[in-house]
Amino acid sequence: MNDKLKEEIRKTLGILKNGGVILYPTDTIWGLGCDATNPEAVKRIYDIKKRADNKSMLVLLDDAGKIASYADVPDIALDLIEVADKPTTIIYPGAKRLAPNLIAEDGTIGIRITREEFTRSLIFRYNKPIVSTSANISGEPSPHFFGEISEEIKNAVDYIVDYRRNDHKPAAPSSIIKLGMGGEIQIIRK
């Protein structure tokens, strides 16, 4: 990892630790993020997106071994993560140790294991999950790359990560799969 990337991670960690909201590149599209255990920071993201807080957001982790700290993990989950050939968000039952306003009404939470260098290193160093939601006002199209993010969103965050801003390869959102404790699988988005 180069020094510029290390410096970006260091700056971003400071913002997260202080309850700030970041605009950052993920393994899919650019996202709004914050400490997933901080209800005030989570509320700020709902406010920025002008989104009702009964619409849950997902979180990113750097390692599948950490999922059980934040949700119940049906046996099939780890197999799904292993065979996934593209970014896949899995909705788990029994969410815990997260900001209450992040957890869906049915007690579930969407978690994705990121393999992207910046987010993986950031989460590893922060040692907590980070919220990841598309960088747009609710109801508007999700930006495919940095240049499509509105000024309103850019002006509302505490820090914009200076990494991969020049990528123009359109990114797609993740697949979403919902799991039940009995091994039930529901495909939400392919």
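- Screening residues 178-190 for side-chain hydrogen bond (donor to acceptor under 3.5 Å, both in side chains) gives Asp106-Lys178 as the qualifying pairs, with residues at least two apart or on separate chains.
- If you chain together hydrophobic residues whose side chains sit under 4.5 Å apart, Ile111 and Ile187 fall into the same group.
- When all heavy atoms of Ile149 and Lys154 are compared, the pair lying nearest together is O-CE, 3.4 Å.
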query = Checking side chain to side chain donor-acceptor pair (under 3.5 Å) for the pair Ser121/Lys6: CA distance, chi angles, key distance, verdict?
reply = CA-CA 9 Å; Ser121 299; Lys6 285 180 186 168; over 6 Å; no
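- Residues Val161 and Trp30 approach most closely at O-CH2, 3.5 Å, considering heavy atoms.
- How far CE of Met181 is from CG of Asp72: 5.0 Å, rounded to the nearest 0.5 Å.
- Sorted by first and then second residue, the side-chain hydrogen bond (donor to acceptor under 3.5 Å, both in side chains) pairs with a member in residues 16-27 read Thr26-Thr28, Asp27-Arg112; sequence neighbours excluded.
- Taking a cutoff of 4.0 Å between a charged side-chain nitrogen and a carboxylate oxygen, Asp63 and Arg120 do not qualify as a salt bridge.
- In this structure, Thr12 OG1 and Leu23 CG are separated by 10.5 Å, a value rounded to the nearest 0.5 Å.
- Taking the side chain as every heavy atom from C-beta outward, Leu179 and Ile177 approach each other to under 4.5 Å.
- When the side chain to side chain donor-acceptor pair (under 3.5 Å) test is applied to Asp167, the partners found at least two apart in sequence or on another chain are Arg164.
- A cation-pi arrangement is found for Arg97 relative to Tyr70, the charged atom lying closer than 6.0 Å to the ring centre and inside a 45° cone about the ring normal.
- Leu98 CG to Asn38 CG: the interatomic distance, rounded to the nearest 0.5 Å, is 12.0 Å.
- In the hydrophobic clustering, Ile29 connects to no other residue, as no ILVMFWY side-chain heavy atoms lie under 4.5 Å from its own.
- Residues Glu148 and Ser142 fail the side-chain proximity criterion, which asks for heavy atoms closer than 4.5 Å.
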key: Verdict with reasoning, Val157 to Ile15, per side-chain contact (heavy atoms from CB on, under 4.5 Å)   = CA-CA 10 Å; Val157 301; Ile15 300 295; over 6 Å; no
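- Phe145 is linked by a ring-ring contact (aromatic ring centres under 6.0 Å, His included) to His168, counting only residues two or more places apart in sequence or in another chain.
- Of the possible polar contacts, one joining the Asp158 side chain to the Val21 backbone as a donor-acceptor pair under 3.5 Å is found.
- In plain terms, the two heavy atoms of Arg115 and Ile81 that are nearest each other are NH2-O, 3.3 Å.
- The shortest heavy-atom contact between Ala135 and Ile153 is O-CG1, 4.0 Å.
- Hydrophobic clustering, defined by side-chain heavy atoms of Ile, Leu, Val, Met, Phe, Trp and Tyr closer than 4.5 Å, groups Ile188 together with Ile91, Ile176.
- Residues that satisfy the side-chain contact (heavy atoms from CB on, under 4.5 Å) test with Ala68, not counting sequence neighbours, are Val73.
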request  = Evaluate the side chain to side chain donor-acceptor pair (under 3.5 Å) criterion for residues Lys43 and Asn101: first the C-alpha distance (whole Å), next the side-chain angles of each, then the deciding distance (0.1 Å), finally the verdict.
outcome  = CA-CA 7 Å; Lys43 182 181 183 318; Asn101 52 345; over 6 Å; no
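- Side-chain atoms of Glu140 never come within 3.5 Å of backbone atoms of Asn136 as a donor-acceptor pair (strictly under, hydrogens ignored).
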Going by atom type alone, with no hydrogens or angles, which donor-acceptor pairs under 3.5 Å involve a side-chain atom of residues 124-132 and a protein atom two or more places apart or on another chain?
unit_1	atom_1	unit_2	atom_2	d
Tyr126	OH	Leu16	O	3.3
Tyr126	OH	Asp35	OD2	2.7
Lys128	NZ	Asp35	OD2	3.1

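- Thr89 and Ser174 get closest at one heavy-atom pair: OG1-OG, 2.7 Å.
- Under the side chain to side chain donor-acceptor pair (under 3.5 Å) criterion, Thr114 pairs with Thr119, sequence neighbours left out.
- Looking at Met57 and Leu32, their side chains never come closer than 4.5 Å, going by heavy atoms from C-beta outward.
- Listed by chain and number, the residues in a side-chain contact (heavy atoms from CB on, under 4.5 Å) with Asp162 are Lys4, Glu8, Arg165 (sequence neighbours excluded).
- Separating the CG atom in Leu58 from the OG1 atom in Thr108 is a distance of 11.5 Å, to the nearest 0.5 Å.
- Of all the heavy atoms in Pro74 and Gly180, the pair that sits closest is CG-O, 3.5 Å.
- Every residue meeting the ring-ring contact (aromatic ring centres under 6.0 Å, His included) condition with Tyr163, not counting sequence neighbours, appears here in chain and number order: Phe118.
- The distance from atom CG of Leu80 to atom OG of Ser175, rounded to the nearest 0.5 Å, is 11.0 Å.
- With sequence neighbours excluded, the residues satisfying side chain to side chain donor-acceptor pair (under 3.5 Å) with Arg10 are Glu7.
- The CD1 atom of Ile90 sits 8.0 Å away from the CD1 atom of Ile113 when rounded to the nearest 0.5 Å.
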